Amino acid sequence: MKAWRIFFTGVGGQGTLLATRMLGEAALLTDIPVVVSEVHGMAQRGGVVESAVVMGAAQSPVISDGEADILMSFEPLETLRALRKCSSNSLVISNNSPISPFAVASGREQYPDVGEMMRTVSNHVNRLIALDARSLAREAGSELSVNMVMIGALMRHAEMPFGREVVETVLNTKTKKAFLKMNLKAFDLGFQA
Amino acid sequence: MHELLTAQPGSKKLLLGNEAIVRGALEAGISFATTYPGTPSSEIGDNFYRISQETDLYFEYSVNEKVALETAAAAAISGLRTMCSMKHVGLNVAADPLMTLAYVGVKGGLVVVSADDPSMHSSQNEQDNRYYAKLAGLPMLEPANSQEALEMTRAAFELSEAYQIPVLLRTTTRVNHSRTPVEVGLLQPPRRTGAFKKDPFNLVPVPMVARRLHVELLEKMDKIGTEASASPFNRVEGKGGWGVVTSGVSYNYVADAIRELDMADRVRVLKMGMTYPFAGEICLDFLKGVERVLVVEELEPFLEDKLKILAQENGLTLEIRGKGEGLLPRYYEFDPVQVKSAMARFFQLKYQPAKVEMESALPQRPPNLCAGCPHRASYYAVNKALGDATAIYPTDIGCYTLGILPPLEAADFLLCMGSSVSSAGGFAKAQEEPVVAFIGDSTFFHSGITGLINAVHNDHNFILVILDNGTTAMTGQQPHPGIELTPEGRQPPKVDIEAVVRGCGVDQVETVNPLQVDKTVAVLKEMLGDKQRPGVKVVISKSPCPLFERRVTGKKQKVVFRVTNECDMCRRCLDELGCPAFTYCEDEEECAFISIDEHLCSGCSVCKQICHAIKPKKKTA
């Protein structure tokens with residue numbers, strides 16, 4: 001069995017931790033060895049939130065620089081910041097809808113050009129899939145479902161050790177009933193994107 | 001029902017290390033648990049809290065870690081299986097009772113969890129708490145993943161009870177906050193009530209008793225030490241002439257390195273799960289069977305030093321290395337490439353880490369006080385009240401430490417929980433600048449009160465601002481003695497902060513609502529200007545954490561604020577308040593304007609009070 005090292009990054013409040021947990025549950029359901037690592041505490045409150053899912057023939061809860069097979073980034077500036085995790089073999093799935101950090105919002109710094117950033121990323125890695133996950137999430141019912149859109153895109157573009165139906169089963173059993181319909185729709189929109 | 005109670009024996013669950021510890025404790029028949037919350041340990045207490053609502057388990061959020069351990073010690077002496085959990089620096093607070101509890105011992109099993117934080121993800125230092133096991137004389141277990149966290153917790157209770165000694169379960173962030181599959185076992189019913197048997201000549205360590213107890217403790221530890229070599233948690237894996245000794249989360253990095261460096265047939269790994277007392281026999285056997293040894297452990301050379309002593313005592317001359325000399329550092333948590341590189345270098349294997357793209361200078365995204373956070377309003381008011389004057393701002397531990405960032409810059413000195421109050425007194429005596437100290441409500445109860453009494457007693461001259469947001473916000477909104485908001489509605493606090501402050505002998509006390517800007521500034525100005533009455537002055541700046549208030553009361557937000565075209569771009573909102581709901585924008589003609597993100601705005605109205613161009617509007621869904 002090979003190893004899957006999937007690094008997640010995003011901004012506090014985007015639901016990256018739920019996304020990593022859903023993948024972890026899908027691995028558990030298919031009996032694939034898995035480690036999900038999260039960072040709690042200071043990382044929230046509008047800061048960067050990084051987490052990781054490591055599956056198959058690896059058991060370290062941390063992904064080193066240069067060792068991510070897949071980078072799942074929920075925000076384009078954070079995609080560039082996390083590029084150190086990637087190598088020329090990596091697949092990057094990136095939301096291209098920006099969230100300004102405070103230094104940008106207060107007018108003290110400039111947000112880098114998104115197209116430029118995506119080109120830098122694309123030149124460095126094997127494959128880049130950029131999508132407007134925020135719009136798709138809105139289409140599904142709420143911006144809160146960006147995480148489900150991103151998982152949908154992952155299941156479409158990455159060779160994963162389980163199929164989309166396993167993830168849908170997990171969404172059915174592990175997410176809040178009130179959001180299930182929206183989550184499944186967002187997942188599907190991400191898959192189709 | 002709580003999912004840690006419903007999980008069927010034999011089934012596999014994806015559990016956080018902290019959840020696995022709780023399940024392990026339930027499988028050991030725990031009946032009593034205490035904590036003071038602190039990352040990365042908080043989910044242990046939070047799960048116990050929820051479970052205690054559904055079972056006979058007694059759980060409390062104690063006022064601080066010392067109190068938590070002393071409360072737990074009484075339960076354990078009364079025969080109940082008890083857990084006391086905290087973050088690594090919490091054990092410093094609890095160190096006083098811990099040292100003597102090792103002498104006095106326990107009757108029911110007592111497991112003390114120390115959750116260390118290498119790399120300081122959420123901490124002010126990264127001390128290696130394994131030395132507490134050595135310092136106090138306590139057995140210690142170190143899990144590498146959630147499955148081990150469960151099994152070691154269960155075993156720790158057995159060991160504790162068998163030898164009547166508290167056991168230290170030492171974890172690190174990557175164990176506490178990783179989820180791995182766990183096969184759960186059978187739940188044991190708890191002992192419902194304990195019983196205390198008077199035994200003063202073993203339980204009251206006056207000098208003549210303590211002298212005997214210390215010798216007994218050392219004998220106990222010797223006995224456990226001989227058994228440690230047979231512990232299933234200390235085991236040798238693989239075969240070959242090269243040796244690696246490792247413990248805790250580092251074991252995973254070693255296992256991955258062996259696989260990826262393709263060295264499985266050449267290396268033997270001594271995986272240490274019980275790391276104190278030192279398992280001399282198995283370690284000596286291991287050292288005798290290999291040519292050279294690399295010790296892979298995060299932070300200090302705890303095992304490495306012991307192994308070197310063991311080799312010296314037994315006349316072994318093999319090379320034992322770990323820290324320094326281009327191998328592994330004594331700081332930060334490890335990562336897989338770091339361990340792979342160290343192993344490749346030490347065993348002279350070819351390995352080239354993947355080329356890494358260097359980060360260019362990107363706008364940083366540090367965590368920030370939330371939109372509508374009352375701490376921002378308090379800091380704004382203090383800065384305003386001072387005007388062009390400056391003051392020293394000793395601060396404390398909580399969300400409000402984020403006030404360090406511009407534009408508020410309201411943090412000048414910090415050591416640990418409670419240090420704001422005591423250091424403020426020191427600054428006031430040692431130099432001339434005025435001193436305004438900040439402490440949160442939960443931190444005030446934790447260890448601010450003694451400092452305040454000291455300040456009154458010694459005539460220290462400063463202003464203390466108690467930032468009372470009605471909860472322990474930073475670690476996940478746990479309760480404290482002064483809470484008023486509960487799911488059942490607003491209730492009078494069990495312990496009223498203002499009454500405590502007055503009870504400490506402070507007579508210049510004002511309670512303000514920081515969301516009323518002018519009033520708060522006026523109160524602060526008066527206190528700062530009042531040179532006639534020296535002494536400690538206290539402002540209780542009281543307004544609930546909006547996230548907490550929304551969660552508990554379900555209160556719906558009615559208004560948001562917007563910037564009207566009366567805005568003259570003075571930028572005071574951005575440069576003095578720094579609320580993350582504000583954005584500086586430019587339109588197509590590069591004409592600058594300021595807007596407020598309606599989704600982020602919490603409707604606190606502070607910005608409206610400092611700028612005439614900001615107006616309320618009805619919040620749309």
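Residue numbers begin at 1 in each chain, while the letters A, B, ... track the order of the sequences. Note that the structure is a prediction, hence the values are computed from the model and not measured.
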Strictly by modelled atom types, are B/Y251 and B/E237 linked by a side-chain donor-acceptor pair under 3.5 Å?
-> yes
Atom group of B/R365 that falls short of 4.5 Å from chain A, counting heavy atoms | both
Sort A/L28 into side chain, backbone, both or neither according to what part of it lies under 4.5 angstrom from a heavy atom of chain B.
-> side chain
Got a list of side-chain donor-acceptor pairs under 3.5 Å for residues 98-109 of chain A, not counting sequence neighbours?
unit_1: A/S106; atom_1: OG; unit_2: A/F102; atom_2: O; d: 2.9
unit_1: A/S106; atom_1: OG; unit_2: A/A103; atom_2: O; d: 3.4
unit_1: A/S106; atom_1: OG; unit_2: A/R108; atom_2: NE; d: 3.4
unit_1: A/S106; atom_1: OG; unit_2: A/R108; atom_2: NH2; d: 3.4

Side chain, backbone, both or neither: which part of B/E43 has a heavy atom under 4.5 Å from chain A?
-> side chain
Please examine the side chains of B/S595 and B/V563, heavy atoms only from C-beta on, and report whether any two atoms are closer than 4.5 Å.
-> no
Does B/L369 offer a backbone N or O that forms a donor-acceptor pair with the side chain of B/R376 under 3.5 Å?
-> yes
If you draw a 6.0 Å radius around CD in A/E159, do more than 12 non-hydrogen atoms from other residues or ligands fall strictly inside?
-> no
With distance as the sole criterion, is a donor-acceptor pair present between the side chains of B/D256 and A/S60 under 3.5 Å?
-> yes
Where does A/E143 contact chain B at under 4.5 Å (heavy atoms): side chain, backbone, both or neither?
-> neither
Structural part of B/P40 lying under 4.5 Å from a heavy atom of chain A | neither
Identify the heavy atoms of B/C370 and B/L547 that sit nearest to each other, and give their distance.
-> SG-CD1, 4.0 Å
Side chain / backbone / both / neither for B/C585 at chain A, heavy atoms under 4.5 Å = neither
The interface call for B/K340 against chain A, heavy-atom contacts under 4.5 Å, is side chain
Interface moiety of A/E67 toward chain B, non-hydrogen atoms closer than 4.5 Å = side chain
Kindly indicate whether the side chain of B/Y253, heavy atoms from C-beta on, has any atom under 4.5 Å from the side chain of A/P61.
-> yes
With respect to chain A, which residue among B/E260, B/Q338, B/R179 yields the maximal number of heavy-atom pairs within a distance under 4.5 Å?
-> B/R179
Do you see a donor-acceptor pair shorter than 3.5 Å between the side chains of A/N126 and A/N89?
-> no
Highest number of heavy-atom pairs under 4.5 Å with chain A: which of B/L14, B/T180, B/L574?
-> B/L14
Between B/P363 and chain A, which part of the residue has a heavy atom less than 4.5 Å away: side chain, backbone, both or neither?
-> both
Who among A/A27, A/S37, A/G66 has the most heavy-atom pairs with chain B under 4.5 Å?
-> A/S37
When A/V167, A/D31, A/T169, A/V170 are each screened for side-chain contact (heavy atoms from CB on, under 4.5 Å) with A/F162, the one that passes is A/V167
Region of B/L16 that comes under 4.5 Å of a non-hydrogen atom in chain A | side chain
Looking at A/S87, A/P112, A/A57, A/G24, which makes the most heavy-atom pairs under 4.5 Å with chain B?
-> A/A57
B/V249 versus chain A, heavy atoms under 4.5 Å apart: side chain, backbone, both or neither?
-> side chain
